[in-house]
Amino acid sequence: MISALRGLHPRPLDERAGGFHSTERDPPRSPRTLSDLVAPGVQRIAIPLPIRGLPIVNAYLIEGAHAWSLVDAGMHTAEAEQALRAGLADAGIGLEDVRRVFVTHLHPDHMGMAGTLERAGAQVLMHAPEIAAARRVWSKGHEQIDATYDWFVRHGMPRDIDEGMRQAWIAMGERVDDLEHVDGVADGESVDLGGRATRLRWTPGHTDYHAVLIDERDGVLFSGDHVLPRITSNIGLYPSSRDDPLGDFLGALSRLRDLPVKRVLPAHGDPFDDLAGRVDELIAHHAARLDATMAAVGTSERDAYAIARVLFPVLRSPHEERFALAETLAHLRHLERKGRVREIDGSPARWSVRGAGHAPGVR
């Protein structure tokens, strides 16, 4: 596993960093070796991902008093569907026995197979505003992907690299099922998982409307990608993002820190128990990354892509290019809101340390 505190030059901080690889050349670990009981009435189903450096996403099968439910659904590949069916079979059930699926957020490794479960009879639930965001991201017209292409050009990404990003993102969308209907849940609302009571908490940052579920009775947190045990999820700024995704993320972490949680069930990595300790590590990590971003801006004016290449000198795929630039922009935006850097309009836009001179068009 990769430590979240990786120094000044880590790979892009996203559990999905890397491109698709051939499962024939680099087979994932057998998912059945990781399917296990991780909390009372909760079985982890490890679903393989065709992603370099991150072979598994955890789906959690929950046995309620009245029915079976699932938290997150994996990315839809043939290997993933086989693993999901095998994990369900371990519990003595099939796809048609899953009555509810809660999707923590819109990324393909979490909602990819939700449509397959819907067609088998399951009700699909998400945080209500994340549903609209998912429709925009996975639109067949690719409007949001195209807007991101223009956004990245504005921030210095070369057009050939940007086009590779665009095509890779479109290909990723092919791993996401179509959904007929998703039911929305509000922040703070109770979510009944087959007779097991949980409560939704909005935890923005990784996506604008990412949400976790808390089983208050048993002290179990289904943390999605918000709190991971060994890596930290990518926090990116996109043209449709909320104003300060990193500020959102840090605030949401602080609000979760002291909840009476005994067990954290993350989407990637092993379950763990020390929520407060892990939150403190993540906050310290991003403080170090903000300092590194300030150092990368330096004493001159630089576009965000040039800054990203200082922070992430080795980028191995179009996905890593996207995560690196989006994360750099999120850190720059947070620093801007703190009054430490400023964005200078232009083609491309540039960034400078606040107080290092003044130029027309400075925001």
Side-chain angles (χ1 to χ4, degrees), residues 15-16 18-38 42-64 67-126 130-131 134-135 137-138 140 168-183 193-194 222 224-225 265-269 319:
E15 69 282 1
R16 298 172 316 285
F20 289 106
H21 61 72
S22 167
T23 54
E24 294 179 0
R25 292 194 303 271
D26 188 11
R29 294 171 63 186
S30 168
R32 295 179 69 87
T33 65
L34 289 180
S35 296
D36 53 359
L37 195 68
V38 290
V42 182
Q43 177 178 306
R44 172 173 57 169
I45 301 177
I47 299 179
L49 295 172
I51 297 171
R52 184 185 298 112
L54 194 80
I56 295 295
V57 62
N58 298 323
Y60 292 102
L61 179 64
I62 300 162
E63 183 178 13
W68 295 90
S69 300
L70 200 67
V71 174
D72 284 333
M75 185 185 299
H76 202 161
T77 67
E79 294 83 2
E81 183 173 342
Q82 180 181 10
L84 176 60
R85 290 179 180 275
L88 297 176
D90 284 346
I93 65 173
L95 285 179
E96 66 280 0
D97 296 303
V98 177
R99 306 316 303 161
R100 278 191 164 179
V101 180
F102 179 80
V103 178
T104 58
H105 63 293
L106 60 81
H107 288 152
D109 51 331
H110 297 263
M111 72 177 298
M113 284 191 285
T116 296
L117 287 152
E118 179 191 41
R119 286 186 284 279
Q123 178 189 23
V124 179
L125 306 174
M126 292 180 75
E130 188 78 343
I131 298 170
R135 291 195 183 106
V137 168
W138 303 121
K140 301 303 183 185
W169 194 343
I170 290 171
M172 187 78 77
E174 296 173 1
R175 313 292 193 190
V176 179
D177 291 346
D178 291 333
L179 279 160
E180 290 295 323
H181 181 73
V182 184
D183 286 307
L193 298 179
F222 297 89
D225 282 356
L265 303 182
H268 304 280
H319 295 294

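Atom set for the values below is all heavy atoms of this structure, side chains included, hydrogens, waters and symmetry mates excluded. Numbers here simply count residues along the sequence, with the first being 1.
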Peer 1: Considering only heavy atoms from C-beta outward, does the side chain of V137 approach that of W169 to under 4.5 Å?
Peer 2: yes

Peer 1: Can you give me the closest heavy-atom contact between G112 and H76, atom names plus distance?
Peer 2: O-CB, 3.8 Å

Peer 1: For the residue pair Q123 and D183, confirm or rule out a side-chain donor-acceptor distance under 3.5 Å.
Peer 2: yes

Peer 1: Once you round to the nearest 0.5 Å, how far does CG of L193 lie from CD1 of I62?
Peer 2: 4.5 Å

Peer 1: Do other residues, nucleotides or ligands put more than 12 heavy atoms under 6.0 Å from E96 CD?
Peer 2: yes

Peer 1: Taking the side chain as C-beta and beyond, is there a heavy-atom pair between L117 and V124 under 4.5 Å?
Peer 2: no

Peer 1: Quick one: CG on L49 to CZ on R175, what's the gap to the nearest 0.5 Å?
Peer 2: 11.0 Å

Peer 1: Name the orientation class of the two ring planes belonging to H110 and H105 (parallel below 30°, tilted from 30 to 60°, perpendicular beyond 60°).
Peer 2: tilted

Peer 1: Roughly how far, to the nearest 0.5 Å, is CZ of R100 from CG of L125?
Peer 2: 5.0 Å

Peer 1: Looking at I56 and A46, what are the two nearest heavy atoms and their distance?
Peer 2: CG2-CB, 3.6 Å

Peer 1: Is there a side-chain contact between T104 and D225 in this structure, where contact means two heavy atoms from C-beta onward sitting under 4.5 Å apart?
Peer 2: no

Peer 1: Of the non-hydrogen atoms in P48 and E79, which two are nearest, and what is the gap between them?
Peer 2: CG-O, 3.8 Å

Peer 1: Sort out for me which residue in D72, L61, D90, N58 forms a side chain to side chain contact (heavy atoms under 4.5 Å, CB included) with I45.
Peer 2: L61

Peer 1: Could you walk me through whether D109 and H268 pass the side chain to side chain contact (heavy atoms under 4.5 Å, CB included) check?
Peer 2: CA-CA 10 Å; D109 51 331; H268 304 280; 3.3 Å; yes

Peer 1: Provide the closest heavy-atom pair for R99 versus A67 in the form atom of the first, atom of the second, distance.
Peer 2: CG-CB, 3.4 Å

Peer 1: Answer yes or no: is there a side-chain heavy-atom contact under 4.5 Å between L84 and L95?
Peer 2: yes

Peer 1: Distance-only, no hydrogens or angles: does the W138 side chain make a donor-acceptor pair with backbone N or O of L106 under 3.5 Å?
Peer 2: yes

Peer 1: Walk me through it: do V57 and H107 pass the test side chain to side chain contact (heavy atoms under 4.5 Å, CB included)?
Peer 2: CA-CA 11 Å; V57 62; H107 288 152; over 6 Å; no

Peer 1: Near R119 CZ, under 6.0 Å, is it more than 12 heavy atoms from other residues, nucleotides or ligands?
Peer 2: yes

Peer 1: Would you check if E63 and L37 make a side-chain contact, meaning some heavy-atom pair closer than 4.5 Å?
Peer 2: no

Peer 1: Check M75 against A80 and note the closest heavy-atom contact, atom names and distance.
Peer 2: O-CB, 3.0 Å

Peer 1: Minimum heavy-atom separation for Y60 and P266, please, with both atom names.
Peer 2: OH-O, 2.5 Å

Peer 1: Please test D177 against M113 for side chain to side chain contact (heavy atoms under 4.5 Å, CB included), starting from the C-alpha separation and ending with a verdict.
Peer 2: CA-CA 6 Å; D177 291 346; M113 284 191 285; 4.2 Å; yes

Peer 1: Do W68 and L88 come close enough that some side-chain heavy atom pair is under 4.5 Å?
Peer 2: no

